[in-house]
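Note on naming: letters A, B, ... go to the chains in the order of the sequence lines (proteins, then strands), and numbering restarts at 1 for each one. Values in this document were obtained by computation on a predicted structure and should not be read as measured data.
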Amino acid sequence: MYTTELKEQGGKVAPVSIVSEDPELVAAFEARVAADEFIEPKDWMPEAYRRTLVRQISQHAHSEIVGMLPEGNWLTRAPSLRRKAILLAKVQDEGGHGLYLYCAAETLGTSREEMIEALHAGKAKYSTIFNYPTLTWADIGAIGWLVDGAAIMNQVPLQRTSYGPYARAMIRVCKEESFHQRQGYEIMMTLGAGTAEQKAMAQDALNRWWWPSLMMFGPPDADSPNSAQGFRWRIKRDSNDDLRRKFVDATVPQAEFLGLTIPDPDLRWNAEKEGYDFGEIDWEEFYAVVRGEGPTARERMKARRDAWEQGAWVREAADAHEAKRRARLAA
Amino acid sequence: MAPSLPTIQPGDVANAEKARAGGSFDAGEAVEHHGALFDYLLRLGDDSLILGQRLTEWCGHAPALEIDLSLANIGLDLIGQASLFLNLAGEVEGKGRDGDRLAFHRDVLAFRNCLLVEQPNGDFAQTIARQFLFSTMQLSLFERLTGSSDHRIAEIAAKAVKEVRYHAELASDWVVRLGDGTEESRRRMVDGLDWFWRFVDEMFQSDEIEQSLTRAGIAVDRAELRQGFDATVGNVLRDATLPLPEYPRALTGGRIGHHGEHLGHLLATMQYLPRTYPDAVW
């Protein structure tokens, strides 16, 4: 559902030195990347490239998994059988995305268990957006429309990212995300055409999700320390601010079509740049949420840890049974 | 000595009937008879709906990602079956109610699911025990319903039987894994099955409604499914190295709307939006 590079501990991360690597191997690697070739798991790669990718892909996988929770919050209360089935299929897709992404990251030599433990220990991050609560059914529409919309903006360029398994996972993920965005927008259209209470619900959801959605693109370019190397290695292909502008330009007319007002008094069309000018994002809030201080951050992490810890006996049983089965086959 | 209570007069009954027609007194629906077929379709649809609803509660909280995906898959299939059966029920009833109306605007007494499916998820072993018992029954039921003389039921069963075969396999595999896994998983699997044995017999009971439909070739005599069910349960439990149950005295009532305490809470959650905003379309 999402990627932006988040600083692991909320502080500055120094770019990893590649000085210690064999300069010939580095040069050959960089030439391949510059020629838009895909790097595959068995290929040589700089350690910093590997670490950046593990961080980014695992953050992306964690975001998919944690992202199941705010929408899962409405599965038992979806207002029709059709909505229930669509939402369940969508949340299941997010789980599937998490699975491909963990697999893609595992090709870099880090196990799924290690990544999950890093998440539960608070060492690995996930998208800030999932630390906000889903209060009404309209939030399910707003998440599909805005959050998945922002995710698509971020992820379409990643289909051409330099690491093959990640790029291929993104192709499949993007196809499904565009279906998710359409279902979210369709919920918003139904609410927009509905009763006064439904319209109010839709507007309120937009009011609450708008700014957090803009934050999904990550810190402003000036404060994005890992970007330069990310561009050189084609892990990243567009800047945070460019993607954010693109998202605003695409989304404002969609809100107008719904009859909803974007909660930004500074939003206006700029004919000269042929795009929208918009207000300042509350970066203090963004960094607070990155640090784990978002409104539902503790609940989200508790839910994940509980699921993992309370499910340990099941995973152990599956392993134990498999071992017994193999022993019987060998006997 | 207790005070005497007024006897219900014929006029009171007539008033209650009017209240029901006005839609303000759901409980009254339980005594309505829209025909055996309508009731039978509710039984089929409600079993799937209520179990599907229970499975959605797992989403995002399962012991492993793969299990999360499997449970969501089963839930999706069940909700799909519920839509088909309940829409058909509404059509048969002919009063303009569709599947959503039936799912979201009936109260406890009008639900026709068996007691097993409304039971809370418990731990993963309980969820698997419930799924194993239900899917094993549902598989043999749908296999036979593919031959129903009502082609609409036969078509739904033919579509659903492929899904249910997977549900039954997945659940049996887990019964075996947990039964023959670790000491803890074995204990939990034994407890999980033990918790649900009292609901098994109800799934195989039939009444005049089902018997009349069975005579017409529309429904299936549930009693005939029991032998196959017992054989499958016996085989799976043997593979799982688990003891065979002695079935306790059966609990029943679901098919006539006399449910346990859990269903009301499930419905309160599931129906909250359409009930809170009765004029809204979603």
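Within the structure, salt bridge (charged side-chain N to carboxylate O under 4.0 Å, His left out) pairs that include any residue of residues 101-118 of chain A comprise A:R112-B:E66 (at least two apart or interchain). Pairs engaging residues 48-61 of chain B under the salt bridge (charged side-chain N to carboxylate O under 4.0 Å, His left out) rule: B:R54-B:E57 [sequence neighbours left out].
Options B:F104, B:Y272, B:Y277 differ in how many heavy-atom pairs under 4.5 Å they form with chain A, and the most are formed by B:F104. Of the listed residues (B:L65, B:I67, B:L178), the one with the most heavy-atom contacts under 4.5 Å to chain A is B:L65. Counting heavy-atom pairs under 4.5 Å between each of B:D279, B:D123, B:N73 and chain A puts B:N73 at the top.
Looking at residues two or more places apart in sequence or on another chain, you find no side chain to side chain donor-acceptor pair (under 3.5 Å) involving B:S70.
Using modelled atom types, no side-chain atom of B:R177 and backbone atom of A:E322 make a donor-acceptor pair closer than 3.5 Å. Side chain of B:Q53 to backbone of A:T76: a donor-acceptor contact under 3.5 angstrom is found. With B:D68 contributing its side chain and A:Q92 its backbone, the two residues share no donor-acceptor pair below 3.5 Å. Within the 3.5 Å criterion, the main-chain N or O of B:V281 finds a donor-acceptor partner in the side chain of A:Q198.
One distance of note links CZ of A:R77 with CD of B:Q271; it measures 14.0 Å at 0.5 Å rounding. Between the CD1 atom in B:I79 and the CD1 atom in A:I86 there is a gap of 11.5 Å [rounded to 0.5 Å]. Atom CG of residue B:L49 and atom CG of residue A:L81 lie 6.0 Å apart, to the nearest 0.5 angstrom. Atom CD in A:E197 sits 9.5 Å away from atom OG1 in B:T276 (nearest 0.5 Å).
Here the closest non-hydrogen pair linking B:A280 and A:T195 is CA-CG2, 4.1 Å. For B:C59 against A:L75, the heavy-atom pair with the smallest separation is CB-CD1, 3.4 Å. In plain terms, the two heavy atoms of B:E184 and A:W313 that are nearest each other are OE1-CB, 3.3 Å. Of all heavy-atom pairs between A:A307 and B:G60, the closest is CB-O, 4.4 Å. Minimum interatomic distance between B:L76 and A:A85 (heavy atoms only, all atoms of both residues): CD2-O, 3.2 Å. The shortest heavy-atom contact between A:L88 and B:A72 is CD2-O, 3.6 Å.
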| request: Take A:K84 and B:M270, measure what side chain to side chain contact (heavy atoms under 4.5 Å, CB included) needs, and give me the verdict at the end. | output: CA-CA 10 Å; A:K84 193 185 290 294; B:M270 183 176 84; 4.0 Å; yes
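With a 4.5 Å cut-off on non-hydrogen atoms, A:A78 touches chain B through its backbone but not through its side chain.
Contacts between residues 183-194 of chain A and chain B, counted as heavy-atom pairs separated by less than 4.5 Å, involve A:T190, A:L191.
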